[in-house]
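Have a look at the structure below, then the notes.
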Number of protein chains: 2
Amino acid sequence: MTKTEKILNAALQLIIERGLERTPMSKIADKAEVGMGTVYKYFKDKEDIINAIYVSIKEEEAQLVFVNNGHNPDVRATFMNYYGRMIDYFLDNTLKFNFISQYAFSPIIKTTTQKKAMSQFYHFDDHYRKGLEENLFKDIKAEHMTFFVFSAIAYWIKAANELHIKIDETYKTVLLQMAWDAIKK
Amino acid sequence: MTKTEKILNAALQLIIERGLERTPMSKIADKAEVGMGTVYKYFKDKEDIINAIYVSIKEEEAQLVFVNNGHNPDVRATFMNYYGRMIDYFLDNTLKFNFISQYAFSPIIKTTTQKKAMSQFYHFDDHYRKGLEENLFKDIKAEHMTFFVFSAIAYWIKAANELHIKIDETYKTVLLQMAWDAIKK
DNA sequence: ACTCATAGACTGAATAGTCATTCAGTTTTT
DNA sequence: AAAAACTGAATGACTATTCAGTCTATGAGT
């Protein structure tokens, strides 16, 4: 694991567990087993770390969601694949999921960061357009559809975490069906 | 406006515009036109203010959503009323909406605060149960339905804000229909 | 109606502490 | 041996919180 990764991991864990205000840079350095100076070698400042974490998670997520992409011509099947994998990713990476949920709306995340993160998901636009062409979807904007489904999944998992409900395959299927019914014409 | 309200308003505005780390208590006091000591008379500390803002918004939201409640026996019509008013509330109160979006997932919000906020929305449970009895809904947990619809609306508005899209009545109807289709059996 | 004593509300400068950031020096790599 | 990576104590700012003192509202006594 590179020092950069060590720092990002340490910061992620501390920030989620204790909150941003209560995680000084020194704690991040300690947990990453790295000197303070090293942190500042790789990152401009604290906010830079937050933004880097955000992008790295979104990149990892995209990588997983779009693996083996582009072979299935069926719009519904593709939908289930994409979002099924997204659910899996977030269920397997609770810390990262919490981070995204918390900072997606925060002013700490710069516009450029948000754009960079979003750009990973351009496949969604293709998928959406295809669905529109086949007259499968309601008449809404692509971004809105993406947001809608992501948010549904996000809060779903959040609720499950809080209520200590286990999301099994059956439940996952219901969730995916709900999302599909929502956008389906 | 009471001092408490002045302080909450000032804090809300500063925190959303500048971020929590960048809003010292002194700035909150200044903006509220109040001495530092007064802030600490009404609130234990900074986190206490955040929690108080959270609850106050949720109370205001609930009040609006459930106004004239309980007269309509039609489950779908009730659904549209509730969530239609919720959309209106958030469209009319961007600052408050942003605050809730940002802190709903934050560890700063205490469990007791979250519970207190949630308890305002018990009408949703009744509504949900009624829908289940009439065999209108998919077989999911009440909390999940509530979360699902709220989140859909939240991110929808967030997306609209970011993409500078105006949400008019037609678009609002589509959003409500999506949410309904999602939970409908 | 008018003191004025008292409680409570209010103030903001001072305190006490925290923490982001730097940099002179050390270690490792090339 | 030169460059690059690394270290962490020291610096310099900043800010949450306190508290000694001031102001204001209340109402009992005249």
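Throughout, a chain's letter reflects where its sequence line sits, starting with A, and its residues are numbered from 1.
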Worksheet entry | Residue-phosphate contact under 4.0 Å: B:Thr38 side-chain N/O, C:dT11 OP1/OP2 | yes
Worksheet item: What's the CD1-P distance between A:Ile15 and C:dC19, to the nearest Å?
Response: 14 Å
Discussion item. Check this for me: B:Glu134, atom CD, are more than 12 non-hydrogen atoms of other residues, nucleotides or ligands nearer than 6.0 Å?
Written reply: yes
Discussion item. If you count every heavy atom of other residues, nucleotides or ligands that lies below 6.0 Å from A:Asp139 atom CG, does the total exceed 12?
Written reply: no
Item to complete: Using whole Å, report how far CD of B:Glu33 lies from P of C:dT11.
Response: 10 Å
Worksheet entry | Interface limits on DNA chain D, where chain A has a heavy atom under 4.0 Å of a nucleotide atom | D:dA5 to D:dA9
Fill in: More than 12 heavy atoms of other groups within 6.0 Å of A:Lys116 NZ
no
Worksheet item: Which whole-number value in Å describes the distance from B:Tyr40 OH to C:dT11 P?
Response: 15 Å
Worksheet item: Given the rule that I, L, V, M, F, W and Y join up when any side-chain heavy atoms are under 4.5 Å apart, are B:Leu95 and B:Phe99 in one cluster?
Response: yes
Worksheet item: B:Lys3 NZ to C:dA9 P: how many Å, rounded?
Response: 11 Å
Worksheet item: Got more than 12 heavy atoms from elsewhere within 6.0 Å of CD, B:Gln63?
Response: no
Worksheet item: In this structure, are over 12 heavy atoms from other groups packed under 6.0 Å from B:Glu33 atom CD?
Response: no
Fill in: Any residue of residues 41-54 of chain A with a heavy atom less than 4.0 Å from an atom of DNA chain D
A:Lys41, A:Tyr42
Worksheet item: Got a donor-acceptor contact below 3.5 angstrom from the A:Asn51 side chain to the A:Lys110 backbone?
Response: yes
Response to the item:
Exactly one of A:Glu133, A:Lys130, A:Met80 clears side chain to side chain contact (heavy atoms under 4.5 Å, CB included) with A:Val75, and that residue is A:Lys130
Practice prompt. Map A:Leu20 and A:Gly37 onto DNA chain C by nearest heavy atom, then report which one ends up closer to the 5' terminus.
Written response: A:Leu20
